Amino acid sequence: MRLGRVALLVLIPFATPASADPPLSALTLVGPPTEIFKAGRDACDGADVPDAPARAFRDAAGAVALYGMHYRNRALRGPDLGQLKLDCTVVLDSGEKSDPAAYDDRSWITATWTEDGARVAALLHHEYQANEHPGRCPAATYMACWYNTITAATSTDGGRSFKRQSPPVVVAGAPFRQESDQGRHRGFFNPSNIVADGRWRYFLASTTGWTRPGSDQESGICLFRSDDPADPTRWRAWTGTGFTAAFPDPYRAARPNTATCRPVGPFPGPVGAVVRHRGSGAWIAVFMAKAAEGYPQSGFYWTTSRDLITWDSPRLLLAGATLYDDPCAATAPLIAYPSLLDPDARGRNFDDVGDRALLTYARLRTEGCTITSDRDLLRRPVSIHVWP
């Protein structure tokens with residue numbers, strides 16, 4: 001692993017923040033952070049570092065499995081969220097293959113969904129790092145050669161192992177192959193957790209966009225919907241009028257239509273997590289932002305919504321330099337990958353919260369201008385109030 005690389009991260013141009021509406025919610029930190037995982041103490045090998053937002057579910061026996069580590073994917077397991085320990089079994093490895101059509105370079109488990117705790121659908125953030133494969137990218141630098149896709153994997157043993165279909169299923173990919181548009185990172189990135197609303201399941205993912213005749217895709221956050229996460233081909237993105245945009249594998253299928261996603265929300269980058277407040281039905285999303293227009297400080301922010309499409313103005317939850325900031329200027333460890341998990345969630349997939357939850361996030365130490373693998377996974381109690 002190259003320590004200077006910021007994996008599982010995509011920066012997109014800052015969206016214009018939403019207008020200043022009356023707040024729907026208030027999130028307040030109500031306690032100090034405690035460690036869930038510390039790399040120097042708990043790692044099985046050098047690949048064990050928090051490198052994605054925490055995703056959890058209860059298996060068929062009621063035990064908790066939590067993902068959010070590196071591209072050699074392992075799970076933290078325990079009887080509940082408060083008693084988790086890293087299981088050294090690799091549940092999904094990364095092949096680091098040079099063929100972009102194989103979708104097996106480096107993959108992170110970034111979302112899971114299970115109805116019964118045994119069969120688990122997973123969304124993977126798949127990075128084809130063409131700069132690591134000779135002859136695949138003339139720019140030869142990570143960001144300029146980064147081709148990203150959201151793919152799928154399935155477990156039938158409660159998340160103790162995951163497999164991809166052959167050929168792999170692409171949930172969301174750019175409508176062109178890796179060799180196109182060299183010079184910048186492109187594709188779909190960083191799916192949020194999956195949440196339920198009636199018969200539908202949703203997730204949010206970012207895209208850097210593209211320009212194509214009759215099918216220009218704006219950069220931003222896309223909202224995807226499905227009635228069956230177990231069938232990864234059924235995900236469709238919001239177009240502004242309906243959930244009809246599909247983004248299949250450009251190596252194996254012609255794009256069925258020219259519809260593109262209509263970005264939602266005030267998000268300046270990927271959504272860390274989205275949960276539904278049980279008492280009010282409001283959606284709460286957390287994300288990290290860099291100090292810039294609309295964001296007075298770097299740190300973690302939250303925003304709320306009634307429909308997952310229109311969101312209110314973000315507010316600061318935890319200040320601190322994030323992965324979007326310059327590590328060379330860091331005077332303290334960076335913070336990254338926020339999520340919200342309620343130990344008392346009623347759903348098996350921890351997609352709901354009550355009036356208390358745990359802000360779960362990574363703390364990353366730097367050396368000079370290098371982000372190191374000395375990382376901790378932390379949790380911090382948060383109180384939540386939502387006005388009706």
Side-chain angles (χ1 to χ4, degrees), residues 1 5 7-10 47 51-52 55 67 69-74 90-113 120-137 142-156 159 161-182 184-192 194 203 205-208 210 217 222 224 226 229-237 245-256 261 270:
M1 178 177 65
R5 170 170 297 145
L8 195 54
L9 170 69
V10 53
D51 204 42
R55 310 294 187 222
Y67 305 85
M69 305 301 282
H70 216 245
Y71 55 78
R72 196 173 193 199
N73 293 268
R74 294 183 168 104
V90 176
V91 301
L92 181 75
D93 214 341
S94 294
E96 300 184 85
K97 295 179 180 177
S98 62
D99 180 5
Y103 297 99
D104 190 14
D105 191 358
R106 295 181 177 180
S107 296
W108 288 253
I109 294 174
T110 41
T112 56
W113 186 266
V120 185
L123 298 176
L124 310 179
H125 166 102
H126 175 260
E127 295 190 13
Y128 182 72
Q129 298 176 2
N131 57 299
E132 297 288 344
H133 305 292
R136 288 291 186 179
C137 179
Y142 175 49
M143 291 296 288
C145 298
W146 184 359
Y147 179 80
N148 214 91
T149 313
I150 298 173
T151 60
T154 301
S155 172
T156 58
S161 64
F162 286 85
K163 294 181 179 179
R164 305 173 184 85
Q165 294 185 27
S166 182
V169 176
V170 170
V171 173
F176 47 82
R177 299 181 179 187
Q178 177 268 323
E179 295 85 354
S180 302
D181 286 6
Q182 295 291 166
R184 67 183 183 94
H185 58 309
R186 57 241 185 264
F188 284 91
F189 304 75
N190 304 77
S192 73
I194 298 170
F203 74 87
S206 62
T207 179
T208 49
W210 55 80
Q217 175 62 61
C222 295
F224 286 80
S226 173
D231 181 355
T233 66
R234 297 180 69 84
W235 290 104
R236 296 292 185 271
F247 302 95
D249 184 355
Y251 286 90
R252 294 180 177 87
R255 192 169 177 190
C261 110

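These figures come from a predicted structure and were not determined experimentally.
The backbone N or O of G159 lies less than 3.5 Å from a partner atom in the side chain of Y67, making a donor-acceptor pair. One N or O on the side chain of Y251 and one on the backbone of Q178 form a donor-acceptor pair closer than 3.5 Å. Although no hydrogens or angles enter the test, the distance criterion places a donor-acceptor pair under 3.5 Å between the side chain of R252 and the main chain of A101. With R136 contributing its side chain and S98 its backbone, the two residues share a donor-acceptor pair below 3.5 Å. A donor-acceptor pair under 3.5 Å is absent between the side-chain atoms of T154 and the main chain of A121, judged by distance alone. For N190 (side chain) and P270 (main-chain N/O), no donor-acceptor pair under 3.5 Å exists by modelled atom type. Not one N or O on the side chain of D51 forms a donor-acceptor pair closer than 3.5 Å with the backbone of M69. Between the side chain of R236 and the backbone N or O of T233, at least one donor-acceptor pair lies under 3.5 Å. Although no hydrogens or angles enter the test, the distance criterion places no donor-acceptor pair under 3.5 Å between the side chain of N148 and the main chain of H185. At distances below 3.5 Å, not a single donor-acceptor pair connects side-chain atoms of T151 with backbone N or O atoms of V169.
Of all heavy-atom pairs spanning T110 and L124, the tightest one is OG1-C, 3.9 Å. Taking all atoms of both residues into account, the shortest heavy-atom contact from A47 to H70 is O-CB, 2.8 Å. The heavy-atom pair separating P191 from H125 by the smallest distance is CD-CB, 4.2 Å. What you find for A205 and I150 is that their closest heavy atoms are CB-CD1, 3.5 Å. S192 approaches A111 most closely through the heavy-atom pair O-CB, 3.2 Å. Smallest separation of non-hydrogen atoms from P232 and A152: CB-CB, 3.5 Å.
Note: Y142 and W146 have parallel aromatic rings, judged against thresholds of 30 and 60 degrees for the angle between ring planes.
Ring centroids of F162 and W108 are separated by 6.0 Å or more, keeping the two rings apart. Taking the six-membered ring wherever Trp is involved, the centroid distance between the rings of F203 and W235 falls below 6.0 Å.
Rounded to the nearest 0.5 Å, atoms OG1 (T207) and CZ (R186) are 11.5 Å apart. Between atom CZ of residue R184 and atom SG of residue C145 there is a gap of 13.5 Å, rounded to the nearest 0.5 Å. Of the inter-residue distances, the one linking S107 atom OG with E96 atom CD reads 10.5 Å to the nearest 0.5 angstrom. Here the NE2 atom belonging to H133 is positioned 11.5 Å from the NZ atom belonging to K97, to the nearest 0.5 angstrom. Taking CG of D99 as the reference point, atom OH of Y128 lies at 7.0 Å (rounded to 0.5 Å). Note: Q129 CD to C137 SG = 11.5 Å, rounded to the nearest 0.5 Å.
Y103 places none of its side-chain heavy atoms less than 4.5 Å from the side chain of R164. Put simply, the side chain of P175 does not reach to within 4.5 Å of the side chain of P250, judged on heavy atoms.
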Requested in this report: Determine, stepwise, if the pair F188 / V171 fulfils side-chain contact (heavy atoms from CB on, under 4.5 Å).
Outcome: CA-CA 9 Å; F188 284 91; V171 173; over 6 Å; no
**Report entry** Chi angles and distances behind the side-chain contact (heavy atoms from CB on, under 4.5 Å) call for F247, Q217
**Finding:** CA-CA 11 Å; F247 302 95; Q217 175 62 61; 4.0 Å; yes
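R74 is linked by a salt bridge (Lys or Arg N to Asp or Glu O under 4.0 Å) to D45, D48, counting only residues two or more places apart in sequence or in another chain.
No side-chain N or O of H126 forms a donor-acceptor pair with one of D105 less than 3.5 Å apart.
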